[in-house]
A.B. asks: 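Mind having a look at this structure? Questions to follow.
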Amino acid sequence: MTILLGALRNAIFTLVLLMGSAVTFAADDQVKEDVAKFSKECSKFREDHIQEMRDLHVKHINEMYDRKLANVRELEELYKQLKPGDKTHNKALREQIKEKQDSFKKEEEKNRKEFKENVLKKKNKEFQEAMKTRMKEMKSKYKD
């Protein structure tokens, strides 16, 4: 007898679910379409962000190599001034070369750090905030 009651209860529960779900099929299809559209928009947004970050990196690297080339040319000019046998003059030039190399190294380190802190982190934070906003808007659209 209890098996029969359990089966009847399950049948009634299934019938109620089917009746309720028949009403929501159209709404579910709309939700699925909206979610698919939102997903595509988010993917495009991410791809655009990645491309923007890539472009920033490329620009920064090109500028860095331009500075390196200028530094190498400057050092070459100093190396050309070295004279065989003139120890005091050569020693002063070597110190000047070493000083320029060290200052260039510190300057490049500072530039990389500034780029990371002021450009990359700022852009990533903006992207994350925009994504959070988009997600909140999407969730609030379907919140009961």
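Computed from a predicted structure; not experimentally measured. Numbers for residues simply follow the sequence, beginning at 1. Computed from heavy atoms alone, side chains included, the values below leave out hydrogens, waters and symmetry copies.
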A.B. asks: Between E107 and K110, is there a salt bridge with N-O shorter than 4.0 Å?
C.D. replies: yes
A.B. asks: Does the pair H60 and V119 meet the rule for a side-chain contact (heavy atoms from CB on, under 4.5 Å), with working shown?
C.D. replies: CA-CA 10 Å; H60 176 70; V119 177; over 6 Å; no
A.B. asks: Are L93 and L75 linked, directly or through intermediate hydrophobic residues, by side-chain heavy-atom contacts shorter than 4.5 Å (ILVMFWY only)?
C.D. replies: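 The answer is yes; both residues are in one hydrophobic cluster.
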A.B. asks: Quick one: does any side-chain atom of S39 pair with a main-chain N or O of V35 as donor and acceptor, under 3.5 Å?
C.D. replies: no
A.B. asks: Any non-hydrogen side-chain atom of K136 less than 4.5 Å from a side-chain atom of T133?
C.D. replies: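 Of all side-chain heavy-atom pairs linking T133 with K136, none is under 4.5 Å.
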A.B. asks: With distance as the sole test, does N90 use its side chain to make a donor-acceptor pair with the main-chain N or O of D86 at under 3.5 Å?
C.D. replies: yes
A.B. asks: Can you tell if the side chain of K122 reaches within under 4.5 Å of the side chain of N118, non-hydrogen atoms only?
C.D. replies: no
A.B. asks: Drop me the distance from K123's NZ to L56's CG, to the nearest 0.5 angstrom.
C.D. replies: 6.0 Å
A.B. asks: If you compare all heavy atoms of K100 against all heavy atoms of N71, which two are closest, and at what distance to 0.1 Å?
C.D. replies: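 That would be O-OD1, 4.5 Å.
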A.B. asks: Counting only heavy atoms not in E99, do more than 12 sit closer than 6.0 Å to its CD atom?
C.D. replies: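 It does not: E99 CD has 12 such atoms or fewer within range.
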A.B. asks: Side-chain contact, heavy-atom cut-off 4.5 Å: M53 with N124?
C.D. replies: yes
A.B. asks: Around E109, counting heavy atoms of other residues, nucleotides and ligands shown, do more than 12 lie under 6.0 Å from its CD?
C.D. replies: no
A.B. asks: If you define the side chain from C-beta out and look only at heavy atoms, does anything of E77 sit under 4.5 Å from K80?
C.D. replies: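 Result yes, sub-4.5 Å side-chain heavy-atom pair found.
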A.B. asks: Tell me whether F115 is reachable from M64 by hopping between hydrophobic residues (I, L, V, M, F, W, Y) whose side-chain heavy atoms are closer than 4.5 Å.
C.D. replies: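 No, separate clusters.
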A.B. asks: Do NZ/NE/NH1/NH2 and the carboxylate oxygens of E41 and K44 come within less than 4.0 Å?
C.D. replies: no
A.B. asks: Using the ring of each side chain (for Trp, its six-membered ring), is H49 parallel, tilted or perpendicular to F127, with breaks at 30° and 60°?
C.D. replies: parallel
A.B. asks: Is the backbone N or O of Q81 less than 3.5 Å from a side-chain atom of H89, with the two atoms forming a donor-acceptor pair by type?
C.D. replies: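 Checking the backbone N and O of Q81 against the side chain of H89, a donor-acceptor pair under 3.5 Å is found.
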A.B. asks: Mind listing the closest non-hydrogen atom pair of R134 and C42 along with its distance?
C.D. replies: NH2-N, 3.7 Å
A.B. asks: Would you mind telling me which of K59, Q51, H57 makes a side-chain hydrogen bond (donor to acceptor under 3.5 Å, both in side chains) with D55?
C.D. replies: Q51
A.B. asks: Let me know which of R67, K68, K113 forms a salt bridge (Lys or Arg N to Asp or Glu O under 4.0 Å) with E108.
C.D. replies: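 Between E108 and the candidates, salt bridge (Lys or Arg N to Asp or Glu O under 4.0 Å) is satisfied uniquely by R67.
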